[in-house]
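Comments concern the structure below.
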Amino acid sequence: MTATELVQAYYNAFNAGDMPAFLALLSEDVVHDINQGERQMGKAAFSAFMDKMNRCYKERLSDIVVMQNADGSRAAAEFVVHGQYLADDEGLPPAKGQTYVLPAGAFFHIHCGRIARVTNYYNLNEWIEQVC
């Protein structure tokens with residue numbers, strides 16, 4: 001599987017809500033750089049993060065464009081997040097079922113056929129403006 005195919009499979013599993021398939025694409029020691037937040041290490045931490053995200057948000061990604069470098073060790077994606085804020089997330093405004101549409105991007109490091117790093121970016125201030 002090419003890096004582009006791997007990242008596309010990652011987003012297909014995300015959109016399908018198939019967390020086992022989504023997590024299976026990650027290396028055990030995956031590095032996760034959370035937008036404007038901390039760096040987490042390991043698949044268990046990533047899984048716990050996704051549990052929180054799936055409790056607080058319902059999201060679907062569209063207009064996904066994936067690119068990779070020549071040797072397939074890195075990839076990048078640009079997409080649009082269509083979401084609903086379902087439950088309060090610590091440090092953020094109260095959730096009342098607000099909807100949002102937000103452009104976002106991600107960078108990936110690919111190692112041994114798995115995603116070894118995910119770094120996500122979106123404009124948190126724009127998201128807050130949309131949900132307040």
Side-chain angles (χ1 to χ4, degrees):
M1 185 179 313
T2 68
T4 300
E5 292 167 340
L6 180 64
V7 171
Q8 191 62 58
Y10 172 87
Y11 287 125
N12 289 345
F14 177 88
N15 277 341
D18 187 346
M19 284 299 107
F22 179 79
L23 294 170
L25 299 169
L26 306 175
S27 65
E28 288 300 320
D29 59 349
V30 65
V31 174
H32 181 209
D33 294 318
I34 300 169
N35 185 71
Q36 294 180 244
E38 66 182 324
R39 172 173 271 194
Q40 295 183 340
M41 307 289 282
K43 192 184 283 192
F46 200 107
S47 180
F49 173 83
M50 290 308 300
D51 287 344
K52 180 192 79 145
M53 291 296 291
N54 289 331
R55 180 178 42 79
C56 294
Y57 309 91
K58 181 177 181 181
E59 293 182 332
R60 180 185 55 79
L61 309 180
S62 71
D63 304 315
I64 302 166
V65 177
V66 181
M67 300 149 272
Q68 74 175 54
N69 68 344
D71 70 8
S73 63
R74 293 188 186 182
E78 183 178 21
F79 47 89
V80 177
V81 180
H82 302 263
Q84 185 175 13
Y85 189 27
L86 303 173
D88 291 359
D89 195 350
E90 185 179 341
L92 297 173
K96 298 175 255 171
Q98 307 94 308
T99 59
Y100 52 92
V101 177
L102 196 65
F107 297 98
F108 300 85
H109 174 69
I110 311 301
H111 183 71
C112 295
R114 297 275 184 262
I115 295 170
R117 178 183 53 83
V118 181
T119 302
N120 290 297
Y121 290 102
Y122 60 88
N123 187 325
L124 181 59
N125 291 333
E126 172 66 22
W127 179 87
I128 290 171
E129 188 175 305
Q130 289 187 42
V131 300
C132 283

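Rounding to the nearest 0.5 angstrom, the gap separating the OH atom in Tyr10 from the CG atom in Leu23 is 9.0 Å. Here the straight-line distance linking atom CZ of Arg74 with atom CD of Gln68 works out to 13.0 Å at 0.5 Å rounding. Summarising the geometry, atom CD belonging to Gln130 is positioned 8.0 Å from atom OG1 belonging to Thr99; distances are rounded to the nearest 0.5 Å. Interatomic distance, Glu126 CD to Leu102 CG, rounded to the nearest 0.5 Å: 6.0 Å.
Between Tyr121 and Asn35, the closest heavy-atom pair is CA-OD1, 3.1 Å. Contact record, Ala9 with Leu25: C-CD1, 3.6 Å, taken as the closest heavy-atom pair. Across Val30 and Arg117, no two heavy atoms sit closer than the pair CG2-N, 4.1 Å. The minimum heavy-atom distance between Tyr100 and Tyr57, with the atom names listed, is OH-CD2, 3.3 Å. The heavy-atom pair separating Ala3 from Gly72 by the smallest distance is CB-O, 3.4 Å. Here the closest heavy-atom approach between residue Gln36 and residue Asn123 is recorded as OE1-C, 4.5 Å.
Contact annotation: the side chain of Ile64 never approaches that of Val7 to less than 4.5 Å [non-hydrogen atoms, C-beta and beyond]. Looking at heavy atoms from C-beta onward, Phe22 lies out of side-chain contact with Ser47 at the 4.5 angstrom threshold. Counting heavy atoms from C-beta on, the side chains of Tyr122 and Val81 never come closer than 4.5 Å.
Under the 4.5 Å side-chain contact rule for hydrophobic residues, Leu6 and Met67 do not share a cluster. If you chain together hydrophobic residues whose side chains sit under 4.5 Å apart, Leu26 and Met41 never meet in one group. Under the 4.5 Å side-chain contact rule for hydrophobic residues, Met53 and Ile128 share a cluster. Under the 4.5 Å side-chain contact rule for hydrophobic residues, Phe107 and Phe14 do not share a cluster. A continuous path of ILVMFWY side-chain contacts below 4.5 Å connects Val66 to Met1, so both sit in one hydrophobic cluster.
Scored by the ring-ring contact (aromatic ring centres under 6.0 Å, His included) test, Phe49 finds His32 as partners (sequence neighbours excluded). Shown here are the side-chain hydrogen bond (donor to acceptor under 3.5 Å, both in side chains) partners of Glu129, two or more places apart in sequence or in another chain: there are none.
A salt bridge (Lys or Arg N to Asp or Glu O under 4.0 Å) check over residues 80-89, counting only residues at least two apart or in different chains, returns the pairs Lys52-Asp89. Sorted by first then second residue, the salt bridge (Lys or Arg N to Asp or Glu O under 4.0 Å) pairs that include residues 22-42, not counting sequence neighbours, are Glu28-Lys43, Asp33-Arg39.
Ring geometry, Phe79 versus Tyr11: the interplanar angle falls from 30° to 60°, so the pair is classed tilted.
Clustering of Ile, Leu, Val, Met, Phe, Trp and Tyr side chains at separations under 4.5 Å leaves Leu86 isolated, with no partner residue.
Around CD of Glu5, the count of heavy atoms belonging to other residues, nucleotides or ligands within 6.0 Å exceeds 12.
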Review item, side-chain donor-acceptor pairs of residues 108-115, under 3.5 Å, at least two apart:
{"unit_1": "His109", "atom_1": "ND1", "unit_2": "Ser73", "atom_2": "O", "d": "3.3"}
{"unit_1": "Arg114", "atom_1": "NE", "unit_2": "Ala24", "atom_2": "O", "d": "3.2"}

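With hydrogens and angles ignored, the 3.5 Å screen pairs a side-chain donor or acceptor of Asn15 with a backbone N or O of Leu61.
Under the 3.5 Å distance criterion, with hydrogens and angles disregarded, no donor-acceptor pair is assigned to the side chains of Ser62 and Arg60.
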